[in-house]
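Index from 1, following the sequence.
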Amino acid sequence: MEFIDNHTGVFMGLLLFLAAILMGCFPKSTTIYHFMSPEKQKNVDLKGLRRHLFFGFTFLGLLVIGSDFLPLTEDITATIRMIILFSGTLFLVGTTQRYDHNRN
């Protein structure tokens, strides 16, 4: 278990890469897409959304893996990792709205 404890960022990054691959393969799996009517689903740019989420999750995964190799204490590294994940998630949620071309 010591290996897992020492490389938590690598495993978290690999999970983000897996999420990137799944979003790349199945862009319709986003939750909000299923709650839209078929008329509104036609106005969603799925190709752009897929590309945006794929690169967003990939970039977050790279940042999290990179944070694992910083020469800092474990507490500071964990704090940096949480800041990366929180701010990256807010950025992805905020910027995915531009692929929904429906008028509210």
Working for side-chain contact (heavy atoms from CB on, under 4.5 Å), residues F57 and L18: CA-CA 9 Å; F57 280 123; L18 178 64; over 6 Å; no

side-chain contact (heavy atoms from CB on, under 4.5 Å) between L92 and H52, worked out: CA-CA 8 Å; L92 278 176; H52 178 70; 3.8 Å; yes

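Annotation: the span from L46 atom CG to L53 atom CG amounts to 10.0 Å, rounded to 0.5 Å. Expressed to the nearest 0.5 Å, how far CZ of F54 lies from CZ of F17 amounts to 9.0 Å. Here CD1 of I65 is found 10.5 Å from CZ of F11. Values are rounded to the nearest 0.5 Å. Rounded to the nearest 0.5 Å, atoms CE (M23) and CG (L49) are 8.0 Å apart.
Under a hydrophobic-cluster definition in which Ile, Leu, Val, Met, Phe, Trp and Tyr are linked whenever side-chain heavy atoms come within less than 4.5 Å, directly or via other members, I21 and L16 are assigned to different clusters. Residue M12 is not grouped with residue F91 when hydrophobic side chains (ILVMFWY) are merged at heavy-atom distances under 4.5 angstrom, including chains of intermediate members. In the hydrophobic cluster analysis, where Ile, Leu, Val, Met, Phe, Trp and Tyr join through side-chain heavy atoms closer than 4.5 angstrom, L22 is grouped apart from L15.
Here R81 pairs with D68 in a salt bridge; the nearest charged N to carboxylate O distance falls below 4.0 Å.
No side-chain donor-acceptor contact under 3.5 Å links T58 to the backbone of F55.
Among the candidates I80, L85, T79, the single residue satisfying the side-chain contact (heavy atoms from CB on, under 4.5 Å) test with I83 is T79.
Nearest heavy atom pair, residue R98 against residue T95, reads CG-O, 3.1 Å.
Counting non-hydrogen atoms of neighbouring residues, nucleotides and ligands closer than 6.0 angstrom, the CZ atom of F59 reaches no more than 12 such neighbours.
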